[in-house]
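Structure first, then comments.
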Amino acid sequence: MLKLFKAMMPKEDRFFALFADHAETIVGGAEAMKRMLAGEEEIASACARITDFEHRADDIAREVLLMVRRSFITPFDRSAITDLISSMDDAIDEMRKTAKAIMLYDVKAFEPQMLGISALAEQAARLVVEAIPLLRSVGRNGAHLDTLTERIVALEGQADDLHEEGIRALFYAHRESQPLSFLVGREIFSHLERVLDRLEDVADEIQGIVIDHA
């Protein structure tokens with residue numbers, strides 16, 4: 001009876017597999033977003049792919065939260081698990097919001113700084129993918145995880161600079177003749193910046209796990 005009960009319980013390793021699956025959706029969304037802004041993929045197609053990745057991410061996040069409630073043993077504190085998966089989910093959610101705004105306002109052309117921020121988002125997403133498997137052995141991988149999270153934070157800082165540069169360029173280009181274009185562009189920039197903010201949140205959650213468990 002005890003063996004049957006144990007067999008029915010969620011396995012601790014499944015948390016790491018689900019984290020890894022979710023991280024891959026973040027990379028997929030970031031890659032689609034960058035290709036769209038670079039003109040390498042048709043806008044509607046890229047937005048649809050981002051939405052598909054976001055739906056998959058939501059399914060994974062729900063599974064993780066369900067496992068947290070059902071598991072007696074978890075690899076980290078329950079709050080650390082829920083905060084990590086929630087921050088990861090927020091990142092892909094913000095990518096979808098970016099795509100929805102682009103579709104809503106029928107944006108066809110993008111500022112170079114927008115492409116620059118999207119490229120930074122893809123880099124940060126790939127660092128998350130690299131970091132997640134290392135959480136299986138936090139003690140052994142603490143220094144490497146510190147390096148990866150610091151790189152994500154640095155990318156977010158670069159995105160802030162591009163955001164300010166892009167907003168300034170938009171303002172001077174459209175302040176007199178096309179104020180609506182400035183407002184639309186500013187909203188797209190804001191969504192893109194928040195993608196990096198959310199990825200920085202993921203880095204912060206990973207760093208918290210390192211501090212608590214390394």
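This one's a predicted model, so the numbers in the text were calculated from it and none came from an experiment.
Note: the hydrophobic cluster containing Val27 does not contain Phe16 (ILVMFWY, side chain heavy atoms under 4.5 Å, direct or indirect links). Hydrophobic clustering keeps Val129 apart from Leu120 (ILVMFWY residues linked when any side-chain heavy atoms are closer than 4.5 Å, directly or through intermediates). Criterion: ILVMFWY side-chain heavy atoms under 4.5 Å apart, direct or through other members. Under it, Val128 and Leu134 are part of a common hydrophobic cluster. Taking hydrophobic clusters as Ile, Leu, Val, Met, Phe, Trp and Tyr residues chained together by side-chain heavy-atom distances below 4.5 Å, Val138 shares a cluster with Phe15. Connection of Val153 to Leu135 is not established within any shared hydrophobic cluster, with ILVMFWY side chains joined at heavy-atom distances below 4.5 Å, either directly or through further cluster members.
Expressed to the nearest 0.5 Å, how far CD1 of Ile209 lies from CG of Leu145 amounts to 9.0 Å. Note that the CD atom of Glu156 and the CZ atom of Arg151 stand 16.0 Å from one another [nearest 0.5 Å]. Atoms CG and CD, on Leu192 and Glu187 in that order, are 11.0 Å from each other to the nearest 0.5 Å. Note that CE of Met95 is 13.5 Å distant from NE2 of His191, once rounded to the nearest 0.5 Å. Interatomic distance, CD1 of Ile188 versus CD1 of Ile117, reported as 11.0 Å (0.5 Å rounding). Between atom CG of residue Asp90 and atom CG of residue Leu199 there is a gap of 10.5 Å, rounded to the nearest 0.5 Å.
Side-chain atoms of Ser87 come within 3.5 Å of backbone atoms of Leu84 as a donor-acceptor pair (strictly under, hydrogens ignored). No donor-acceptor pair under 3.5 Å is formed between the side chain of Glu111 and the backbone N or O of Gln113. Ser118 places a side-chain N or O within donor-acceptor distance of the main-chain N or O of Leu115, the cut-off being under 3.5 Å. Not a single donor-acceptor pair under 3.5 Å links the side chain of Arg186 to the backbone N or O of Leu170.
Counting heavy atoms from C-beta on, the side chains of Phe53 and Ile26 never come closer than 4.5 Å. The shortest distance between side-chain heavy atoms of Leu162 and Phe189 does not fall below 4.5 Å. Counting heavy atoms from C-beta outward, Phe110 and Ile43 have side chains that approach closer than 4.5 Å. Counting only heavy atoms from C-beta outward, the side chains of Glu41 and Arg49 approach each other to under 4.5 Å. By the 4.5 Å heavy-atom criterion applied to side chains, Ile102 and Leu37 are counted as neighbours.
Asp201 and Arg198 are joined by a salt bridge, as a carboxylate oxygen and a charged side-chain nitrogen come within less than 4.0 angstrom of each other. Between Arg56 and Glu24 there is no salt bridge, since no side-chain N of the basic residue sits under 4.0 Å from a carboxylate O of the acidic one. Glu130 and Arg126 are not joined by a salt bridge, as no carboxylate oxygen comes within less than 4.0 angstrom of a charged side-chain nitrogen. Using a 4.0 Å cut-off between a side-chain N of Lys or Arg and a carboxylate O of Asp or Glu, Arg96 and Asp93 do not qualify as a salt bridge.
The two residues Gln123 and Leu155 come nearest to each other via the heavy atoms OE1-CD2, 3.6 Å. Contact detail for Ala125 and Ala30: the closest heavy-atom pair is CB-CB, 4.1 Å. Listed here is the closest heavy atom pair of Ser86 and Thr82: OG-O, 2.7 Å. Residues Ile92 and Glu54 come closest through the heavy atom pair CG1-CA, 3.7 Å. Considering all non-hydrogen atoms of both residues, Met36 and Cys47 come closest at SD-SG, 3.6 Å. The heavy-atom pair separating Ile50 from Gly29 by the smallest distance is CG1-O, 3.8 Å.
If you check the side chains of Gln207 and Thr149, you find a donor sitting under 3.5 Å from an acceptor.
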Verdict with reasoning, Met67 to Ile81, per side-chain contact (heavy atoms from CB on, under 4.5 Å): CA-CA 10 Å; Met67 283 179 59; Ile81 292 173; over 6 Å; no
Full working for side-chain contact (heavy atoms from CB on, under 4.5 Å) between Tyr105 and Leu183: CA-CA 11 Å; Tyr105 297 117; Leu183 294 176; over 6 Å; no
From CA spacing to verdict: salt bridge (Lys or Arg N to Asp or Glu O under 4.0 Å), Arg194, Asp197: CA-CA 5 Å; Arg194 284 196 288 270; Asp197 289 342; over 6 Å; no
Derivation and outcome, side-chain contact (heavy atoms from CB on, under 4.5 Å), residues Val64 and Phe19: CA-CA 8 Å; Val64 170; Phe19 288 147; 4.3 Å; yes
Stepwise side-chain contact (heavy atoms from CB on, under 4.5 Å) test for Ile85 and Glu205: CA-CA 9 Å; Ile85 197 64; Glu205 295 301 334; over 6 Å; no
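For Arg78, the CZ atom counts as densely surrounded, since its 6.0 Å shell holds more than 12 non-hydrogen atoms of other residues, nucleotides or ligands.
Checked against Met88 for a side chain to side chain contact (heavy atoms under 4.5 Å, CB included), the options Ile206, Ile132, Thr25 give a single hit: Ile132.
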